[in-house]
Every structure is written in C-alpha cells, then in structure tokens.
Amino acid sequence: MTRGTESAPVRVLLVDDEAMVRSGLAMLLTAEPDLIVVGEAADGTEAVEETARLQPDVVVMDVRMPGTDGVAATRVLTSDSFLDRMPNVATVLMLTTFDEDAAVHAALRAGASGFILKSSAPKVLADAVRSLARGGGWLDPEVTRRLLTEFSRHPDPSDPSGPPPEQLQQLTRREREVLVAVAHGLTNTEIARRLFLSEATVKTHVHRIFLKLGVSERAQAVTAAFKSGLVKPTDRF
C-alpha cells in the first residue's frame, strides 16, 4: 500500500513528556487529510513499546524527556536488534528547540531521519512527516546551520574525520552541488529550483550521493559533507 493516500494515510506516533504538546501536535497533524495520529507516548521507553505495537510510519520524537530521552529511544529504534524484529520500523522526526544543539548532534548519530524546530509552522511539520514517510529526510535550515556549528565546536574524537577521499572523488560536480544544497537544508523541490533541474533528477542525484558516500539518510550525508570540508559552518548557499 502507498502511504499518504486516502486509502492509506501516513500513520504517526507522537512522543513528548508534555500532554499539552502532544495534544497540540495531534490537532495540527489530524487536520491534514493524509495524516493520522495512531498513538502517543510520554517517554522514550514508552515510545519504543508503542512503535513495536502500532508500527507507525513516522515517530515524531521530542529530544529531551525525563527517564529515557528521545536520543536513547531513537538509538533503540534504529538498532539492528530492533530492525530484525520490526523490518518496517518507522523513521524518526526529532523535535528540537534553539538551545538543544548538542542533543541534536547526538540524535543525528543515533539515526534520526529528520529534525524540525518546535516553533515551525504547521505546514512545515506536515511536510516533514510526509517526507519521512516517503523514505526521505527533513533538515530544518536553522537546525542544519546550528548543527554544523556544533560539529565544528565539539568534534567527536571517536568518529572518523570524514568519508574516505576516494568516496568524495567519486562524486560528480553536479552531485557535489546537490550535496552542498542538502547540507544547507534545502528540500528536493528547492534544490531543483535553485540548480535548474527537475525534481526527479535531484532525487536521482541524492540517491547516487548516498550510495557513493555509504550513507542512508540526508542527515548522515550532511555529516559527511561537513566532515569532508565540502561544507563549512560559515558557508552560505
């Protein structure tokens, strides 16, 4: 079944320790005809349990929660052991605020597929959920900028410095342009408009970039672009 159609709407699990926040998010999402909230959870432990039980398409997850936080829950949801039991596991859209840069950094490493500010407009939230349900990602431009700055200030010494040089050399000039645009938080539609390409061509480039860099998510591609030096926090696109 195709997700996000009238016959099969995108199924969303909401995770936040504040009931009022969950209620507000539920109202925003259920106002969209192709989205449905199938459940809620108040912490990371409950999020994992409800994901296994409900098998939603997208988990909208708060970063900071008492007990098991969003980062720890995301790490479980993207682990091999969980994926072995739940091959159709949902992707995680992480909710963040302006003062959670380090947490977003950790969530990226944990395997989140998207990041969005809690202050984002309702349409942006709905579009982000749809993007993840289609197998894409979502990086709020402001989150991306702050994330890159966080990487530069607090590099993780346990991580490799970046993708091997031969992987970067495999990228064509156009693929590099697309990767830079992805790293600045542009959607496929925006990249197509900026680079005078069709959206289908952009999707093809993004897919090839993923293959060549050995990544599976837009967030991981952004990390690779930064660590390789292809994109710097001070760059503008």
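- A pairwise comparison of heavy atoms in Ala112 and Met94 identifies CB-CE, 4.2 Å as the closest pair.
- The line from CG of Asp62 to CG of Asp43 is 11.0 Å long, rounded to the nearest 0.5 Å.
- The backbone N or O of Glu46 lies less than 3.5 Å from no partner atom in the side chain of Glu49, so there is not a single donor-acceptor pair.
- In terms of heavy atoms, Ala225 sits closest to Ala183 at CB-CB, 4.2 Å.
- The list of salt bridge (Lys or Arg N to Asp or Glu O under 4.0 Å) pairs with a residue in residues 12-28, not counting sequence neighbours, reads Asp16-Lys118, Arg22-Glu40.
- Val124 and Val37 fall within a single hydrophobic cluster, where Ile, Leu, Val, Met, Phe, Trp and Tyr side chains are chained together by heavy-atom contacts under 4.5 Å.
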**Request:** Take Arg176 and Thr172 through the test side-chain contact (heavy atoms from CB on, under 4.5 Å) and record every step on the way to the result.
**Result:** CA-CA 6 Å; Arg176 284 173 177 260; Thr172 65; over 6 Å; no
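- For the atom pair CG (Leu13) and CD (Gln55), the distance works out to 12.0 Å, reported to the nearest 0.5 Å.
- Residues forming a side-chain contact (heavy atoms from CB on, under 4.5 Å) with Ile36 (at least two apart in sequence, or on another chain): Pro9, Arg11, Val38.
- Using modelled atom types, one side-chain atom of Thr30 and one backbone atom of Ala26 make a donor-acceptor pair closer than 3.5 Å.
- Contacts of Glu32 classified as salt bridge (charged side-chain N to carboxylate O under 4.0 Å, His left out), with partners at least two apart in sequence or in another chain: Arg130.
- Residue Phe210 comes nearest to Ala221 through the heavy atom pair CE1-CB, 3.8 Å, listed as atom of the first residue, atom of the second, then distance.
- Arg134 places none of its side-chain heavy atoms less than 4.5 Å from the side chain of Val10.
- In this structure the side chain of Val48 reaches within 4.5 angstrom of the side chain of Leu77, judged on heavy atoms.
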**CA sep, side-chain torsions, deciding dist, call: Val178, Ile209, side-chain contact (heavy atoms from CB on, under 4.5 Å)** = CA-CA 9 Å; Val178 171; Ile209 289 168; 3.9 Å; yes
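- Separation of atoms CG (Leu93) and OG1 (Thr96) is listed at 11.0 Å; rounding is to 0.5 Å.
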**Request:** Just do the side chain to side chain donor-acceptor pair (under 3.5 Å) check on Thr91 and Ser113 with the steps written out, would you?
**Result:** CA-CA 6 Å; Thr91 55; Ser113 297; 4.8 Å; no
**Request:** Given side chain to side chain donor-acceptor pair (under 3.5 Å), test Thr201 with Thr204 step by step and report yes or no.
**Result:** CA-CA 5 Å; Thr201 299; Thr204 298; 6.0 Å; no
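- The distance from the CD atom of Glu175 to the CZ atom of Arg173 is 11.0 Å, given to the nearest 0.5 Å.
- Leu25 places a side-chain heavy atom less than 4.5 Å from the side chain of Val21.
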**Request:** Check the pair Ser81 / Ser79 against side chain to side chain donor-acceptor pair (under 3.5 Å), numbers first and verdict last.
**Result:** CA-CA 5 Å; Ser81 59; Ser79 66; 3.3 Å; yes
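- Residues Leu95 and Val60 meet the side-chain proximity criterion, which asks for heavy atoms closer than 4.5 Å.
- Side-chain contact between Arg64 and Val71: absent, with no pair of heavy atoms (C-beta onward) separated by less than 4.5 Å.
- Looking at Ile116 and Leu125, their side chains come closer than 4.5 Å, going by heavy atoms from C-beta outward.
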**Request:** I would like to know whether Leu28 and Lys123 meet side-chain contact (heavy atoms from CB on, under 4.5 Å); could you show each step before the answer?
**Result:** CA-CA 9 Å; Leu28 294 175; Lys123 182 181 184 304; over 6 Å; no
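- Side-chain contact between Val129 and Trp138 is absent, with no heavy-atom pair separated by less than 4.5 Å.
- Atoms CG and CZ, on Asn188 and Arg193 in that order, are 11.5 Å from each other to the nearest 0.5 Å.
- At a threshold of 4.0 Å, the pair Arg53-Glu50 counts as salt-bridged, since one of the basic side-chain nitrogens sits closer than that to a carboxylate oxygen.
- Ile191 is not listed as a side-chain neighbour of Glu177, based on a closest heavy-atom distance of 4.5 Å or more.
- Under the 3.5 Å distance criterion, the side-chain polar atoms of Ser23 are left unmatched by any main-chain donor or acceptor of Ala19.
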